[in-house]
Structure formats: structure tokens, C-alpha cells
Engineer: 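I'd like to ask you about the structure that follows.
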Amino acid sequence: MLKKSTEQVSTKISSIIGSDMVVEGNIRAKEAVRVEGSVTGNVETDGSLIISATGKVKGNIRGSSVVVGGILEGDLTSSGKTEVISTGKVIGNMRTKSLIVDENAVFQGQCIMNTNDVLALPEVDDLMQIEDKKDNKKVK
């Protein structure tokens with residue numbers, strides 16, 4: 001199934017994180033990125049982002065379209081289509097224009113979709129400040 005999805009990505013994949021590769025740190029690219037190994041850090045691209053069945057990302061990701069066939073532990077932002085295929089697992093929130101979740105795929109989190117302008121998800125610190133403000137208003 002991942003092969004079919006990756007063939008549908010018409011853009012050239014400019015960066016591949018190989019299956020025996022471990023990256024610690026953020027990755028930024030202008031074209032499509034394919035992750036077959038392990039990344040601890042954020043992955044951001046102007047093109048498509050593919051996490052293959054052997055791939056694992058622990059951090060937030062952003063791409064024009066996203067296919068998750070491996071494991072993502074973090075938030076996902078896509079200005080186009082997001083697909084979690086049957087081997088994929090997403091533990092985190094999503095913000096995307098459209099979403100496909102195959103049978104046997106795992107998605108634990110919240111999803112905001114069909115927005116005209118897909119904005120970045122708020123950072124954890126921002127969410128905590130909002131909650132603190134709400135709690136202060138209730139106390140007074």
C-alpha cells in the first residue's frame with residue numbers, strides 16, 4: 001500500500017533518510033522528503049513528506065502533503081492531503097486540508113481539517129498559557 005501512495009506523489013524526492021540512519025535534530029527541505037530511518041526532531045518541507053513503514057519521527061512534521069506508513073509521535077501540519085496507511089501510527093494532533101485513515105492504521109489525537117488556510121498548531125507552551133489564563137478567570 002505504501003508503494004502505491006508513494007508512486008502517487010508526483011514530485012521528485014530530494015532527500016531520503018535511509019533505514020539504517022538515525023538523525024537527532026531538525027530537518028528543513030524545499031522538496032519532497034522520505035523518512036525510512038529514525039528522526040528525533042521536527043521535519044519541515046515545502047514539498048511532500050513520506051514516512052515509510054520502517055520510518056519513525058519523534059517531533060512535529062509539516063509538508064504540502066503527508067503519507068504516514070511508519071510511526072509519528074508529534075503534531076502534523078499539511079496544506080494538502082494527509083494519509084495514514086494501514087502500517088501507520090500517528091500519536092499527536094493533525095491540521096490538514098483532507099485526511100485518509102486506512103483500516104488498521106492508528107490515529108490518537110485531534111484533527112482539524114478542511115480549512116482554507118492551514119495554520120501551524122499552537123506550541124505546547126502557548127496552550128499552557130491559554131489554560132493558565134482560563135484558570136485565573138475562573139478563580140476571580
Side-chain angles (χ1 to χ4, degrees):
M1 187 83 159
L2 181 60
K3 194 175 264 189
K4 179 182 175 189
S5 295
T6 57
E7 288 171 1
Q8 292 173 353
V9 177
S10 60
T11 59
K12 175 185 162 192
I13 296 176
S14 63
S15 303
I16 298 175
I17 308 300
S19 60
D20 61 344
M21 204 169 172
V22 176
V23 176
E24 294 183 10
N26 298 332
I27 297 172
R28 288 189 187 156
K30 291 198 180 271
E31 294 182 14
V33 175
R34 181 180 176 108
V35 177
E36 296 178 356
S38 177
V39 177
T40 302
N42 299 331
V43 181
E44 186 176 329
T45 179
D46 294 337
S48 300
L49 176 60
I50 302 162
I51 302 174
S52 70
T54 59
K56 180 176 182 179
V57 175
K58 190 170 188 175
N60 299 329
I61 65 171
R62 179 191 310 252
S64 62
S65 65
V66 177
V67 177
V68 180
I71 299 171
L72 169 62
E73 294 179 17
D75 294 339
L76 179 155
T77 303
S78 171
S79 57
K81 179 172 87 170
T82 298
E83 185 173 1
V84 184
I85 63 171
S86 61
T87 58
K89 182 177 183 177
V90 176
I91 309 298
N93 298 321
M94 289 188 200
R95 188 172 290 236
T96 184
K97 190 168 185 178
S98 66
L99 175 65
I100 299 169
V101 180
D102 286 350
E103 184 176 6
N104 295 323
V106 175
F107 169 45
Q108 294 178 356
Q110 296 180 347
C111 180
I112 298 173
M113 59 185 280
N114 282 336
T115 58
N116 293 333
D117 276 336
V118 177
L119 304 173
L121 291 164
E123 297 295 321
V124 174
D125 292 338
D126 295 338
L127 291 173
M128 293 177 129
Q129 289 176 359
I130 291 169
E131 288 300 317
D132 288 343
K133 287 178 184 177
K134 286 181 185 176
D135 290 341
N136 287 338
K137 288 181 181 177
K138 290 178 185 176
V139 172
K140 292 180 180 181

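All figures in this text were calculated on a predicted structure; none of them were measured in a lab.
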Engineer: Show the nearest heavy-atom pair for residues Glu36 and Thr54, with the distance to one decimal.
Structural biologist: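 Answer, listing the atom of Glu36 first, then Thr54: O-OG1, 2.8 Å.
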Engineer: Which heavy atom in Ser78 sits nearest to a heavy atom in Ser65, and how many Å separate them?
Structural biologist: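 Closest approach of Ser78 to Ser65: OG-CA, 3.6 Å.
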Engineer: Rounded at 0.5 Å granularity, tell me how far OG1 in Thr82 sits from CZ in Arg95.
Structural biologist: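 So the gap between those two atoms works out to 12.0 Å.
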Engineer: What is the distance from atom CD1 of Ile71 to atom NZ of Lys56, rounded to the nearest 0.5 Å?
Structural biologist: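 Separation between the atoms: 5.5 Å.
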Engineer: Between Ile61 and Ile51, is any pair of side-chain heavy atoms under 4.5 Å apart?
Structural biologist: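 Yes, close enough: below the 4.5 Å cut-off.
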Engineer: Count I, L, V, M, F, W, Y as connected when their side-chain heavy atoms are under 4.5 Å apart, and connections chain through other members. Are Ile91 and Val39 then in the same cluster?
Structural biologist: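 No.
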Engineer: Just so I know, are the side chains of Val84 and Met94 near enough to count as touching, which here means a heavy-atom distance under 4.5 Å?
Structural biologist: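 Yes, side chains in contact.
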Engineer: Output the distance between atom CG (Leu99) and atom NZ (Lys81), rounded to the nearest 0.5 Å.
Structural biologist: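 If I round to the nearest 0.5 Å, the distance is 10.5 Å.
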Engineer: Would the distance check show the side chain of Asp75 and the main-chain N or O of Asn60 forming a donor-acceptor pair, the cut-off being under 3.5 Å?
Structural biologist: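 Not confirmed, Asp75 side chain does not pair with Asn60 backbone.
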Engineer: Pick from Val57, Ile17, Asn42: which one makes a side-chain contact (heavy atoms from CB on, under 4.5 Å) with Ile27?
Structural biologist: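 One option only clears the test, and that one is Ile17.
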Engineer: Search all heavy atoms of Gly80 against all heavy atoms of Thr96 and return the closest pair with its distance.
Structural biologist: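 Closest approach of Gly80 to Thr96, heavy atoms only: O-OG1, 3.0 Å.
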Engineer: Output yes when a side-chain donor or acceptor of Thr87 lies under 3.5 Å from a complementary backbone atom of Gly70, and no otherwise.
Structural biologist: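 Not confirmed, Thr87 side chain does not pair with Gly70 backbone.
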Engineer: Under the side-chain hydrogen bond (donor to acceptor under 3.5 Å, both in side chains) rule, collect the residues that match up with Glu44, sequence neighbours excluded.
Structural biologist: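 Expected list: none.
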Engineer: Going from CG on Leu49 to CD1 on Ile13, what distance comes out if it is rounded to the nearest 0.5 angstrom?
Structural biologist: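 So the CG of Leu49 and the CD1 of Ile13 are separated by 10.0 Å.
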Engineer: Side-chain contact, heavy-atom cut-off 4.5 Å: Val66 with Val68?
Structural biologist: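 Counting from C-beta outward, Val66 and Val68 do come under 4.5 Å.
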Engineer: Which atom pair, heavy atoms only, marks the closest approach of Arg34 to Ser52?
Structural biologist: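 Reported closest heavy-atom pair: NH2-CB, 3.7 Å.
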Engineer: Would you compute the distance between atom CD1 of Ile112 and atom CG of Asn93 and round it to the nearest 0.5 angstrom?
Structural biologist: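 It is 8.0 Å, given to the nearest 0.5 Å.
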Engineer: Among residues at least two apart in sequence or on other chains, which ones pass salt bridge (charged side-chain N to carboxylate O under 4.0 Å, His left out) with Lys89?
Structural biologist: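 Scan of Lys89 (salt bridge (charged side-chain N to carboxylate O under 4.0 Å, His left out), adjacent residues dropped) gives none.
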Engineer: Cluster question for you: counting only ILVMFWY and a side-chain heavy-atom cut-off of under 4.5 Å, with indirect links fine, are Ile16 and Val22 together?
Structural biologist: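 No.
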Engineer: Report whether Val33 and Met21 are members of the same hydrophobic cluster (ILVMFWY, side-chain heavy atoms less than 4.5 Å apart, transitive linking).
Structural biologist: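 Val33 clusters together with Met21.
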Engineer: Atom OG in Ser86, atom CD in Glu103: separation rounded to 0.5 Å?
Structural biologist: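 Taking OG in Ser86 and CD in Glu103, the distance rounds to 8.5 Å.
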Engineer: Could you list all the side chain to side chain donor-acceptor pair (under 3.5 Å) pairs where at least one residue sits in residues 17-30, not counting sequence neighbours?
Structural biologist: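 Checked against side chain to side chain donor-acceptor pair (under 3.5 Å) - neighbours excluded - no pair reaches residues 17-30.
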